[in-house]
Chemist: 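Starting off with a structure, shown below.
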Protein chains: 2
Amino acid sequence: MTFTRTLPLTDISQADACSSSLARSAIAPDHADSLARSLKALADPARLRIISIVAAHADAEACVCDLTDQLTLSQPTISHHLKVLVDAGFLTRAKRGTWSYYSLVPGSLDSVAGVLAAV
Amino acid sequence: MTFTRTLPLTDISQADACSSSLARSAIAPDHADSLARSLKALADPARLRIISIVAAHADAEACVCDLTDQLTLSQPTISHHLKVLVDAGFLTRAKRGTWSYYSLVPGSLDSVAGVLAAV
DNA sequence: TCCTTAGATTGACATTGGTCAATGTATTGA
DNA sequence: TCAATACATTGACCAATGTCAATCTAAGGA
């Protein structure tokens, strides 16, 4: 325990960003909490597929009907997953007429990826 | 829905790697499953702190006693989290005498980070 | 051989989380 | 105004998960 590696495992989630640098020491408990929350939002097959489907669309935007077509899940279940992703800051919703269009929040995935890669 | 973005959201988890490129289409369901499994293993505050503590140690190696010192969790709970991380391929265990030393699997975190960043 | 120590395993418990049926809410069109 | 469409919300249910107390296993030391 004499030498300590540089360790920028800092939380950069969009919701509750905390920009303090955690280099040279272990991650702080509250940072671990918020990073875990972000990862939990991603750690579901249906939600990963949703993100992927949205990203694969033109303009990175998709309506719920696009998702019900491709996922074998009920419409309420898909709405639930969408809410989780919006609350976590990975998607945004834009309502136009009767349709709700979901799109990726730029940089939100990269933030999480950056924290993981930095360990 | 005419233009489809390049989308290399492929699974590169260590356990069940599948190297097919998923560019230009949404992620396949089974790839979403295994990526979700990897993310689930990371999506816990205690496990993130464990990874961070191991990474912060000299030689990126720590014994269980180092973890019980810093985490306010029982020893069985910490052993449980360590098992989850080993099973997911993020840590390896080396037993020397009475002590168990855990270390990071090189590249395992970067694999997950790379998949996320590629979306 | 016996005791102590480090750590893993088991079993039980409460909480969280994913899912769907049923229902609610806007918006559009007739 | 009424019916249909697109989506959200509620409530309930079951499965998965995090936690700890108790116990087990193995390695040293006296």
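Both backbone and side-chain heavy atoms feed into the values below; hydrogens, waters and symmetry mates do not.
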Chemist: Atom CD1 of B:Ile50 to atom C1' of C:dG7: distance rounded to whole Å?
Modeler: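 Rounded to whole Å, this separation is 14 Å.
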Chemist: Can you tell me how far apart CD1 (A:Ile53) and CG (A:Asp66) are? Round to the nearest 0.5 Å.
Modeler: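 It comes to 8.5 Å.
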Chemist: Would one find a side-chain N or O of A:Tyr102 under 4.0 angstrom from OP1 or OP2 of D:dA8?
Modeler: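 Checking D:dA8 against A:Tyr102, a side-chain N or O does come within under 4.0 Å of OP1 or OP2.
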Chemist: Using whole Å, what does the distance between atom C1' of nucleotide D:dT17 and atom CG of B:Leu42 come to?
Modeler: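 That distance rounds to 16 Å.
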Chemist: With the 4.5 Å side-chain cut-off for hydrophobic clustering, are A:Val84 and A:Leu42 part of the same group?
Modeler: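 Each belongs to a different hydrophobic cluster.
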Chemist: Do the side chains of B:Asp33 and A:Leu48 get nearer than 4.5 Å, heavy atoms only?
Modeler: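 Side-chain contact under 4.5 Å: no.
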Chemist: If the sugar-phosphate is the primed atoms plus P, OP1 and OP2 and the base is the rest, what is the B/S/- string for nucleotides 19-30 of chain C, using protein heavy atoms under 4.0 Å?
Modeler: BBBB----SS--
Chemist: Identify whether the distance between the nearest side-chain nitrogen and carboxylate oxygen of A:Asp87 and A:Lys83 falls below 4.0 Å.
Modeler: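 Between A:Lys83 and A:Asp87 there is a salt bridge, with a charged N closer than 4.0 Å to a carboxylate O.
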Chemist: Identify, between A:Ala43 and B:Thr68, the residue whose nearest nucleotide on DNA chain C lies closer to the 5' end.
Modeler: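 The residue closer to the strand's 5' end, by nearest nucleotide, is B:Thr68.
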Chemist: In whole Å, what is the span from the CG atom of A:Leu48 to the P atom of C:dG17?
Modeler: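 Between P of C:dG17 and CG of A:Leu48: 16 Å.
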Chemist: Given atom CG of B:Asp66 and atom P of C:dG7, what is their separation to the nearest angstrom?
Modeler: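 Rounded to the whole Å, the gap is 8 Å.
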Chemist: What does B:Ser100 touch in the nucleic acid at a heavy-atom separation under 4.0 angstrom: a base, only the sugar-phosphate, or nothing?
Modeler: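 Sugar-phosphate, backbone atoms only, no base.
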Chemist: Could you check how far CG of B:Asp87 sits from P of C:dA8, rounded to whole Å?
Modeler: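 From B:Asp87 CG to C:dA8 P: 12 Å.
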Chemist: What integer distance in Å separates B:Arg93:CZ from C:dG7:P?
Modeler: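 Taking atom P of C:dG7 as the reference, CZ of B:Arg93 is at 11 Å.
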Chemist: Closer than 3.5 angstrom, by distance alone: can the side chain of B:Arg37 be matched with the main-chain N or O of A:Asp44 as a donor-acceptor pair?
Modeler: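 No, because the side chain of B:Arg37 does not come within donor-acceptor range (under 3.5 Å) of the backbone of A:Asp44.
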Chemist: Which residue, A:Tyr101 or A:Lys40, contacts DNA chain D at a nucleotide closer to its 5' end, judged by nearest heavy atom?
Modeler: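 Comparing both residues, the 5'-ward one is A:Tyr101.
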Chemist: Examine A:Arg96 relative to A:Tyr101 and say whether NZ or CZ is less than 6.0 Å from the centre of the six-membered ring and inside a 45° cone about the ring axis.
Modeler: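 The answer is yes, since A:Arg96 meets both limits relative to A:Tyr101.
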Chemist: For a quick check under 3.5 Å, do A:Thr77 and A:Ser74 share a side-chain donor-acceptor pair by atom type?
Modeler: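 Yes, side-chain donor-acceptor contact under 3.5 Å.
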Chemist: How many whole angstroms separate atom CG of B:Leu82 from atom P of D:dT17?
Modeler: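 Taking CG of B:Leu82 and P of D:dT17, I get 17 Å after rounding.
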Chemist: Can you measure A:Arg37 atom CZ to C:dT16 atom C1' for me and round it to whole angstrom units?
Modeler: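 To the nearest whole Å, that distance equals 14 Å.
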